[in-house]
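Counting starts at 1 for both ligands and their atoms, following the listed order. Only this structure's heavy atoms are used, side chains among them; waters, hydrogens and symmetry mates stay out.
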Amino acid sequence: MGHLISSTLAFVTPQSGGSPNANQIDSLYKITMYVAIVVFVAVEGALVYALVRFRSRKGRVAAQIRGNTRLEVGWTVAAAVIVVVLAALTFAKLPSIQDPSNSGPNGDSLAGNGGLLYASARRRLPPNGKALNVAVIGRQYIWQYVYPGASEPDGLGAPYSYEEMVVPTNTTVTLDIVSEDVVHSWWIPQLGGKFQAVPGYHNYTWFKISKPGIYRGQCAILCGRGHATMRATVRAVTPPQYEAWLSAQKQQIAAANAEAKIARAKLGQQTGAGQVENP
Ligand SMILES: [Cu+2]
């Protein structure tokens with residue numbers, strides 16, 4: 001019975017299980033929902049009882065009641081108390097949703113100072129200041145991820161990937177969410193809340209995944225005709241697997257850049273039609 005209830009509730013409650021912030025959002029949602037269920041059952045139960053018990057019958061005259069001060073004060077105060085308790089609970093739980101926690105003991109050692117290129121008052125870091133910072137760039141119609149490890153001091157030459165973000169487990173990952181063109185919305189439901197990618201503006205969130213696996217999402221705001229295909233995947237692997245992936249990705253990007261350099265040099269040497277087309 002308990003399992004039946006919890007599996008039915010899973011359809012209407014936020015997805016969780018991927019990251020602590022998503023779990024906190026889910027538990028806050030459930031607390032509010034349980035209170036709402038109790039209120040709903042009490043109100044609808046009283047209504048149905050009154051409908052049946054006091055239904056019209058031949059020869060019956062309805063009692064004319066003009067207010068009941070005690071009852072009215074009672075339900076007003078009760079509703080106010082519920083609102084205050086829910087608000088207090090929400091504010092008490094908010095820091096655990098917004099503030100990143102430290103990486104686990106077996107997290108990735110590459111998690112540094114967040115890979116910051118600039119300071120920000122709005123960005124939150126874990127208490128020990130160490131996070132793996134990934135830039136999430138929305139563009140029509142694909143997500144790009146830029147990882148720490150720039151080869152140039154100005155931040156250029158950093159490894160990147162498209163559509164699928166690869167991250168180490170047990171490691172606090174902070175995200176810088178930006179957009180190149182229109183407003184997009186970053187959302188991997190199992191990894192926490194939804195965040196808009198707005199041109200010219202940075203939004204921040206975080207997650208920490210304990211289990212290796214694939215976590216799926218999808219751009220959550222209509223951004224143009226290709227919106228439906230703008231998927232996002234986060235693949236969590238162990239820290240050694242992450243580091244191996246990152247260096248392979250760096251090599252592939254370096255090889256592709258070298259090839260492009262040769263192709264550009266060839267184009268530059270061409271005379272005739274090539275020059276007309278690429279003056
Ligand atoms: Cu979209």
Side-chain angles (χ1 to χ4, degrees), residues 10-26 28-29 94 97-100 114-118 120 122-124 131-150 155-156 158-169 171-209 211-237 242 245-246 249 252-253 256:
F11 282 109
V12 294
T13 55
Q15 289 187 41
S16 59
S19 178
N21 47 351
N23 299 346
Q24 295 294 341
I25 291 171
D26 184 47
L28 195 51
Y29 186 97
L94 216 47
I97 294 171
Q98 292 183 324
D99 303 337
L116 304 187
L117 291 174
Y118 47 85
S120 163
R122 293 184 57 251
R123 165 206 289 285
R124 291 179 164 85
L132 189 76
N133 193 65
V134 179
V136 175
I137 304 163
R139 60 162 59 95
Q140 290 169 315
Y141 298 96
I142 196 161
W143 292 104
Q144 184 187 8
Y145 314 110
V146 181
Y147 303 83
L156 289 175
Y160 56 85
S161 67
Y162 287 98
E163 205 283 315
E164 184 183 71
M165 183 197 295
V166 179
V167 294
T169 50
T171 306
T172 301
V173 178
T174 51
L175 303 179
D176 259 24
I177 304 165
V178 295
S179 170
E180 289 273 302
D181 38 45
V182 301
V183 177
H184 300 277
S185 179
W186 167 258
W187 196 26
I188 307 284
Q190 275 180 286
L191 301 182
K194 196 186 277 180
F195 286 83
Q196 288 200 342
V198 182
Y201 195 79
H202 287 247
N203 269 328
Y204 306 99
T205 184
W206 68 284
F207 59 74
K208 185 169 79 179
I209 301 173
K211 287 186 298 241
I214 304 264
Y215 301 85
R216 291 180 202 283
Q218 145 90 47
C219 175
I221 198 165
L222 186 61
C223 58
R225 64 163 83 168
H227 165 67
T229 59
M230 199 169 159
R231 294 187 190 90
T233 311
V234 172
R235 180 157 60 96
V237 296
Y242 168 75
W245 174 86
L246 195 67
Q249 194 77 354
Q252 280 184 22
I253 292 170

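With the Cu ion (ligand 1) as the vertex, SG (Cys219) and SG (Cys223) define an angle of 130°, rounded to 10°.
At a cut-off of 2.8 Å, His184 does not coordinate the Cu ion (ligand 1) through any N, O or S atom. The distance from the Cu ion (ligand 1) to the nearest N/O/S atom of Ile221 is under 2.8 Å.
At a threshold of 4.0 Å, the pair Arg139-Asp181 does not count as salt-bridged, since none of the basic side-chain nitrogens sits closer than that to a carboxylate oxygen.
Considering just the N/O/S atoms of His227, the one nearest the Cu ion (ligand 1) carries the name ND1.
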Yes or no on side-chain contact (heavy atoms from CB on, under 4.5 Å) for His227 and Gln140, after CA distance, side-chain angles and deciding distance? CA-CA 8 Å; His227 165 67; Gln140 290 169 315; over 6 Å; no

Can Leu175 and Phe207 be said to form a side-chain contact (heavy atoms from CB on, under 4.5 Å), step by step? CA-CA 8 Å; Leu175 303 179; Phe207 59 74; 3.9 Å; yes

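Relative orientation of the Tyr145 and Tyr147 rings is perpendicular, given thresholds of 30° and 60° on the angle between their planes.
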